[in-house]
Amino acid sequence: MDSPHSPALVSWLHLEEEQSVSYLEFEEKLATWLTELAPVEADDIELSFTKPPKPEMGDLAVAAFDLAKKARRNPAEVAGEWKSAVEAALAAESGLPDWMDVPVTEVRTAGPYLNLRLDAASLARRVVREIVEERTDYGRQPENSGRKIMLEYSSPNTNKPLHLGHVRNNLIGMSLSNLLSAAGHEVVRVNLVNDRGIHICKSMLAYERFGNGETPESCGEKGDHFVGRYYVLFDQKMKEERAGYAKSHGVDLERFSKDAKKELEGDELKARNKEETEFDERFDKESELLGAAREMLRRWEAGDETVLELWNRMNGWVLGGFKQTYKRMGSEFDHWYYESQTYQLGKDLVEKGLGLGVFEKHDDGSVWAKLESKKLKDKIVLRSDGTSVYMTQDLGTSVMKHEDFGAERSIYVVGSEQQHHFKVLFAILELLQFPWASGSYHASYGLVTLPRGMGRLKSREGTAVDADDLLDTLHEIAAAKIREGGYAEGDKAIEAAAEMIGQGALKLYILQVSPEKNIQFDPKETIAFTGDTGPAVQYSHARIHGIVRKGIEQGLLTESDVDGGFLSLDSAPVHLLEEDEERDVIRRLADFGKVIATSAENLTVAPVANYLLDLTKAYARMYHEHPVLGAASAELMKARVQLALCVAQVLRNGLAVLTIEAPERM
RNA sequence: GCCCCCGUAGCUCAGUUGGAUAGAGCGACGGUUUCCUAAACCGUAGGCCACAGGUUCGAUCCCUGUCGGGGGCACCA
């Protein structure tokens with residue numbers, strides 16, 4: 001790689017540059033160095049390291065398959081020559097390259113593989129130094145990508161409270177923002193609130209008719225649950241009306257029930273289904289309640305003041321409730337968009353697109369996007385009555401978002417059920433020739449389903465697992481566990497710990513699963529707190545701080561020893577850490593930056609979550625085998641304390657990406 | 001009918017972007033406690049990586065097909 005600096009400047013910068021090289025960059029340099037030594041010209045081959053299957057085989061492995069293929073030779077033979085070349089370079093009189101502050105101490109071949117062993121003491125010193133110097137920045141890449149990335153997530157409807165699906169959405173959105181920011185990008189987090197439409201009018205109408213002027217304050221209810229209750233009430237009243245309608249029209253609704261249909265087959269079933277849709281269509285047209293809701297929407301769009309006033313009041317209640325939940329979960333946004341303010345925007349765009357031939361007006365006045373060239377079905381963008389649809393609104397908002405922030409990439413965190421919508425959206429944006437359209441990306445994720453028989457966590461509204469209920473339940477279970485085990489004292493401390501642990505359990509449980517997969521959500525497993533769980537990671541972190549406290553108590557360490565959170569680099573001889581379990585932990589600590597970088601490239605935080613679980617286990621093994629405070633010498637004790645503190649720092653940094661708190665005591 | 005995603009231990013999930021002997025947790029069975037928090041550690045059992053072809057020196061990973069599960073293909077959002 002060419003340096004942008006002149007040779008003189010580089011030499012002047014030398015010391016500083018060397019220090020700022022992260023372990024991640026060290027591995028990259030090592031890879032290019034190896035490429036140059038390869039017995040086959042390999043400029044076009046990108047070497048990547050893997051881990052040998054067994055630790056005693058070495059620290060890094062490279063396969064010679066690609067080289068061998070290029071030279072049409074035997075891989076093992078190529079590896080053998082390669083090994084000789086590397087050994088010669090290591091033994092050269094000119095010494096090792098300046099950047100190689102962790103020397104390669106051994107090169108071995110195992111068939112087609114080249115296994116390298118790194119000097120353990122140097123590696124320990126280097127990794128520990130990097131962590132101690134960078135602390136919360138360890139694993140982060142400098143903010144030099146020059147890329148601004150916009151992330152839209154959460155996107156709630158203001159007619160009912162947040163549910164389990166929103167929880168996954170928020171967790172993915174929050175953690176992905178943190179991850180991309182850690183990878184050196186500038187991130188803008190945006191929430192597009194869906195605060196308008198017929199569903200909003202339903203809860204408004206129910207409130208207007210049956211609310212008797214009560215408010216969230218008057219009945220001590222969280223605003224979003226309050227409004228959600230009326231949304232459910234609307235549905236109930238609709239069902240009642242439907243039943244009455246059926247009766248007065250001589251239709252037996254029992255005929256449409258699942259039980260009744262179970263006995264039908266083929267044409268009979270088809271006929272019955274048709275009968276049902278026809279009935280529903282008729283009822284739809286004639287329903288008094290639905291008609292009133294539609295009328296309300298018309299008045300809303302016409303700017304009717306009483307409707308707008310009610311809408312404002314109820315939206316305020318819901319948003320107030322959402323903000324409480326967001327705050328509790330740690331969800332933050334840089335900017336909020338409201339559909340009520342953006343839903344008209346797309347119309348101008350459509351006008352413009354008509355000129356470009358992207359859209360086409362039909363005889364009935366409706367306007368369609370022509371998508372044949374993208375191998376998609378045409379999509380309506382303006383109804384025959386001139387009103388806009390979801391797609392129109394999203395087109396407008398996309399343009400507005402880009403005008404406001406000019407992000408190079410725009411990521412939409414939205415469930416996989418909307419894959420088709422985004423495929424169409426991006427296709428239209430491209431046809432409209434927005435240069436930034438290709439930077440659009442749908443970060444899709446799967447559903448969260450419950451195992452059957454899980455009624456306990458169903459929401460107050462009875463439709464889905466309510467987010468607040470879920471957080472409360474986890475909190476309570478954690479609190480009970482803490483009381484039982486006597487892990488904390490005082491109500492305040494118990495409550496605080498319970499909240500951290502309950503959320504840690506939930507967040508890690510959800511984030512460790514790859515986003516594209518559906519999650520089978522089993523609350524029991526989430527709050528087990530043992531094994532591969534968030535609390536286990538948090539617990540490791542807390543115990544490390546417990547060790548330091550104990551060390552000070554026992555007079556083995558002084559307050560000033562660990563003044564800055566770590567021991568000083570001089571006082572902790574980490575090169576003494578030679579046990580297998582210690583080396584394993586050090587190697588894992590070194591890998592953190594790579595995990596962050598590749599996870600960011602792949603737009604998923606799941607590997608970060610799994611990395612933390614693995615690090616936790618590796619640490620537990622080490623801790624179990626090798627006493628820290630009871631180490632054979634004071635020197636070794638300090639080295640182990642330092643390593644433990646490094647583990648705690650990396651756990652903390654990783655948990656921070658996942659928006660999980662790292663408690664110092666539990 | 002067409003499109004997208006998923007299928008790995010009894011259950012819930014990882015799997016270094018195609019490489020060496022496929023890994024965890026839970027559950028089961030057995031062990032470890034005068035020792036820094038047992039919310040722990042160690043061991044045993046448990047696998048045709050859904051199935052069948054193909055590409056490749058090499059496939060859990062890529063391609064095609066079949067089966068199974070989920071989601072979608074609105075003048076709903």
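Proteins get letters first, then strands, A, B, ... in listed order; numbering begins at 1 in each.
Among the heavy atoms of the strands lying under 4.0 Å from Ile547(A) are primed sugar atoms or P, OP1, OP2 only; no base atom is included. Residue Ile198(A) is classed as having no contact, given no heavy-atom separation below 4.0 Å to the nucleic acid. When heavy atoms are screened at a 4.0 angstrom cut-off, Pro607(A) is found touching no nucleic acid atom at all. Nucleic acid contact class of His626(A) (heavy atoms, under 4.0 Å, all strands): base.
Taking the side chain of Lys423(A) as heavy atoms from C-beta on, and the options C41(B), C4(B), U12(B), the nearest nucleotide is C4(B). Here the nucleotide nearest the side chain of Glu516(A), chosen from C6(B), A24(B), U37(B), is C6(B). Of the listed nucleotides (A39(B), C75(B), A20(B)), A20(B) has the atom at the smallest distance from the side chain of Asn115(A). Here C13(B) is the nucleotide among A40(B), C13(B), C5(B) with the atom lying nearest to any side-chain atom of Gln512(A). Of the candidate nucleotides A14(B), A77(B), A39(B), A14(B) has the atom nearest to the side chain of Asn610(A). Each of A77(B), C36(B), A14(B) was ranked by its minimum atom distance to the side chain of Glu339(A); first place goes to A77(B). Nearest nucleotide to the side chain of Glu417(A), out of C73(B), A39(B), G71(B): G71(B). Taking the side chain of Val628(A) as heavy atoms from C-beta on, and the options C41(B), A40(B), C36(B), the nearest nucleotide is C36(B). Nearest to the side-chain atoms of Ala620(A) among the listed nucleotides U37(B), U21(B), C41(B) stands C41(B). Closest to the Lys379(A) side chain, of the nucleotides G71(B), A74(B), U37(B), is A74(B).
Spacing of C1' atoms, C49(B) relative to U21(B), comes out at 15 Å, to the nearest Å. With C1' as the reference atom, G46(B) and G10(B) are 8 Å apart, rounded to whole Å. Nucleotides G1(B) and G65(B), compared at atom P, are 15 Å apart to the nearest Å. One C1' atom belongs to C11(B), the other to C63(B), and the distance between them is 32 Å to the nearest Å. The same atom, C1', is picked in G58(B) and in G18(B); the two are 8 Å apart, to the nearest Å.
Ion pairing of Lys51(A) with Asp584(A) is absent here, as no side-chain N (NZ or NE/NH1/NH2) approaches a carboxylate O to less than 4.0 Å. Remark: Lys70(A) does not engage Asp66(A) in a salt bridge, criterion side-chain N to carboxylate O under 4.0 Å.
Across all strands shown, C73(B) pairs with G1(B); the Watson-Crick or G-U wobble distances both stay below 3.5 Å. For U12(B), the paired base is A24(B) (Watson-Crick or G-U wobble, both distances below 3.5 Å). For C67(B), the paired nucleotide is G7(B), the pair qualifying as Watson-Crick or G-U wobble because both relevant distances are below 3.5 Å. The base-pairing partner of A59(B), taking Watson-Crick or G-U wobble contacts with both distances under 3.5 Å, does not exist among the strands shown.
Phosphate contact (OP1/OP2 of C76(B), side-chain N/O of Arg383(A), threshold under 4.0 Å): present. For Ser514(A), a side-chain nitrogen or oxygen approaches OP1 or OP2 of A14(B) to under 4.0 Å. Here Tyr509(A) does not reach the OP1 or OP2 of U12(B): none of its side-chain N or O atoms lies under 4.0 Å away. At U12(B), one or more side-chain N or O atoms of Gln520(A) fall inside 4.0 Å of OP1 or OP2 (strictly under the cut-off). Put simply, Arg543(A) has a side-chain N or O that comes within less than 4.0 Å of OP1 or OP2 on A38(B). Distances shorter than 4.0 Å separate some side-chain N or O of Lys377(A) from OP1 or OP2 on A74(B). The phosphate of U12(B) has neither OP1 nor OP2 within less than 4.0 Å of any side-chain N or O from Lys517(A).
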(Q) Could you go through Tyr412(A) and Ser398(A), starting from their C-alpha distance and side-chain angles, then the distance that decides it, and tell me whether this counts as side-chain hydrogen bond (donor to acceptor under 3.5 Å, both in side chains)? (A) CA-CA 10 Å; Tyr412(A) 299 76; Ser398(A) 294; 2.8 Å; yes
Q: Walk me through it: do Ser203(A) and Asn159(A) pass the test side-chain hydrogen bond (donor to acceptor under 3.5 Å, both in side chains)?
A: CA-CA 6 Å; Ser203(A) 44; Asn159(A) 61 332; 5.6 Å; no
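For Phe234(A) and Tyr231(A), the gap between ring centers reaches or exceeds 6.0 Å.
To the nearest angstrom, P of U32(B) lies 21 Å from CZ of Arg621(A).
A distance of 11.0 Å separates OG1 of Thr158(A) from NZ of Lys160(A), quoted to the nearest 0.5 Å. Between the CG atom of Leu508(A) and the CG atom of Leu658(A) there is a distance of 6.0 Å, given to the nearest 0.5 Å.
In this structure, the aromatic ring of Tyr623(A) is positioned over the six-membered ring of the base of C36(B), centres within 5.5 Å and planes within 30°.
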